[in-house]
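Have a look at the structure below before the remarks.
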Amino acid sequence: SSPSRTGSLSRFQLRGIAGLLHTTAHFRAAMPSSRKCAVPSNSLTLSAPYRAESDPEERYAAAGMAAFGDATARLEALNRLTVAINATLDLPRILRALERECRPLIDFERISFALLERRAPGQVRVYHSERGAGDAVVYAPLRGTIAQVVRTRRSVIRTEIDPASLDLTDPTDAAFLRLGLQSLVCLPLETESELIGTLNVSAQPRAHFGEADLPMLQQIAAQLALAIDKARLLGEERRRAERMRLLNDVAQAVASSLDT
């Protein structure tokens with residue numbers, strides 16, 4: 001299956017899974033009782049003539065096996081992504097891990113996350129990575145699609161980007177023009193207590209993303225929000241500890257000077 005189609009299993013695939021289970025049960029029921037224990041239910045192997053039969057159940061079974069394999073591969077890739085983005089507290093490194101581990105899951109040209117600036121309302125700090133161009137951090141106004149997602153806390157898919165709607169003074173908009181990006185999906189990044197920003201994935205072809213892509217992207221956004229929140233909290237704790245250490249050093253130095 002194409003890496004850009006990451007949604008839920010189709011009705012045909014679900015029927016295929018049901019067919020696979022039905023076929024397995026039917027096959028085991030037809031076996032002599034003396035042999036049933038020798039064939040685990042999760043390791044059924046069909047002979048070539050049996051697979052070649054035109055019975056619809058066999059087609060559904062084949063679709064079910066393919067669906068299982070595809071779902072397993074996506075789950076493993078998502079697990080690798082989760083481990084990678086939680087392996088560091090450095091936001092640029094989180095971005096690089098995100099870009100690398102998202103490649104097997106979805107096809108894109110540019111990926112970024114925009115974080116709300118607590119000390120500068122109306123501004124976002126955008127960590128972005130472009131294919132073949134590395135990663136960077138820019139500051140941009142909170143506007144357009146990102147502002148809409150922040151306001152509504154709902155994902156937005158843009159199947160076509162109108163160049164006339166872009167502002168060249170906005171670094172994010174300028175990247176869309178420079179790279180010829182025509183499609184965008186923007187998802188909220190939410191922790192248990194607040195919305196911290198958005199995950200933004202874009203590509204050059206029009207209508208590149210659709211509703212079928214949202215389930216996987218929402219899982220990625222959920223894991224990313226947790227990783228960023230953890231990095232922020234632990235980073236703040238470390239800075240607080242460092243300030244306390246410096247204050248303690250100063251206090252000791254002052255006390256020592258008074259004793260002499």
ask   = Have Arg158 and Thr145 got a donor and an acceptor in their side chains that come within less than 3.5 Å?
value = yes
query = Is the shortest heavy-atom distance from the side chain of Asp173 to the side chain of Leu168 under 4.5 Å?
reply = no
message = Is there a path of hydrophobic side-chain contacts, each under 4.5 Å between heavy atoms, that joins Leu199 and Ile106?
response = yes
key: Contact check, side chains of Leu98 and Ile220, non-hydrogen atoms, under 4.5 Å   = yes
task = Check the hydrophobic clustering (I, L, V, M, F, W, Y; side-chain heavy atoms under 4.5 Å; chains of links allowed) and say if Ile111 and Ile157 are grouped together.
result = yes
query = Could Arg125 and Phe113 be counted as a cation-pi pair, given that NZ or CZ must be under 6.0 Å from the ring centre and within 45° of the axis?
reply = no
request  = Report yes if the side chains of Leu214 and Leu187 come closer than 4.5 Å at any heavy-atom pair, otherwise no.
outcome  = yes
Under 3.5 Å side-chain donor-acceptor pair for Thr169 and Asp167 = yes
inquiry  = Could you tell me if the side chain of Leu184 sits less than 4.5 Å from the side chain of Val201, heavy atoms only?
reply    = no
task = Determine whether Ile161 and Leu181 make a side-chain contact, defined as any pair of heavy atoms from C-beta on separated by less than 4.5 Å.
result = no
query = Are Met216 and Val156 connected in a single hydrophobic cluster, I mean Ile/Leu/Val/Met/Phe/Trp/Tyr linked by side-chain heavy atoms less than 4.5 Å apart?
reply = no
task = Could you tell me whether a side-chain N or O of Thr159 sits under 3.5 Å from a main-chain N or O of Ala207, the two making a donor and an acceptor?
result = no
task = Look up atom CD in Glu99 and atom CD in Glu101, then write down how far apart they are to the nearest 0.5 Å.
result = 9.5 Å
inquiry  = Distance check, rounded to the nearest 0.5 Å: Lys230 atom NZ versus Ile94 atom CD1?
reply    = 7.5 Å
request  = Dump the intermediate steps for side-chain contact (heavy atoms from CB on, under 4.5 Å) on Leu189 and Leu224, then the final yes or no.
outcome  = CA-CA 7 Å; Leu189 293 176; Leu224 178 61; 4.0 Å; yes
request  = Please report the shortest heavy-atom distance between Arg153 and Pro188, naming the atom on each side.
outcome  = O-CG, 3.7 Å
message = According to a hydrophobic-cluster definition based on side-chain heavy atoms being under 4.5 Å apart (Ile, Leu, Val, Met, Phe, Trp, Tyr only), do Ile228 and Tyr127 belong together?
response = yes
ask   = Can you get from Leu116 to Tyr139 by hopping between Ile, Leu, Val, Met, Phe, Trp and Tyr side chains that sit under 4.5 Å apart?
value = no
request  = Mark yes or no for whether Asn86, through its side chain, and Thr82, through its backbone, hold a donor-acceptor pair below 3.5 Å.
outcome  = yes
key: Minimum heavy-atom distance Ala231-Leu91, with the two atoms named   = CB-CD2, 4.3 Å
query = Between atom OG of Ser112 and atom CD1 of Ile146, what is the distance when rounded to the nearest 0.5 Å?
reply = 6.0 Å
Minimum side-chain heavy-atom gap Val138-His128 below 4.5 Å = yes
key: Derivation of the side chain to side chain donor-acceptor pair (under 3.5 Å) call for Thr198 and Asn200   = CA-CA 6 Å; Thr198 63; Asn200 318 292; 2.9 Å; yes
message = If you define the side chain from C-beta out and look only at heavy atoms, does anything of Ser202 sit under 4.5 Å from Phe176?
response = yes
task = Please report the shortest heavy-atom distance between Cys186 and Val149, naming the atom on each side.
result = SG-CG2, 3.6 Å
request  = Report the distance from atom OG of Ser155 to atom CD of Gln218, rounding to the nearest 0.5 Å.
outcome  = 4.5 Å
request  = Any chance you could measure Glu130, atom CD, to Leu179, atom CG, to the nearest 0.5 Å?
outcome  = 4.5 Å
ask   = Tell me, do Arg80 and Glu76 make a side-chain contact under 4.5 Å, heavy atoms counted?
value = yes
note = In this structure, CG of Leu81 is separated from CZ of Arg103 (nearest 0.5 Å) by 12.5 Å
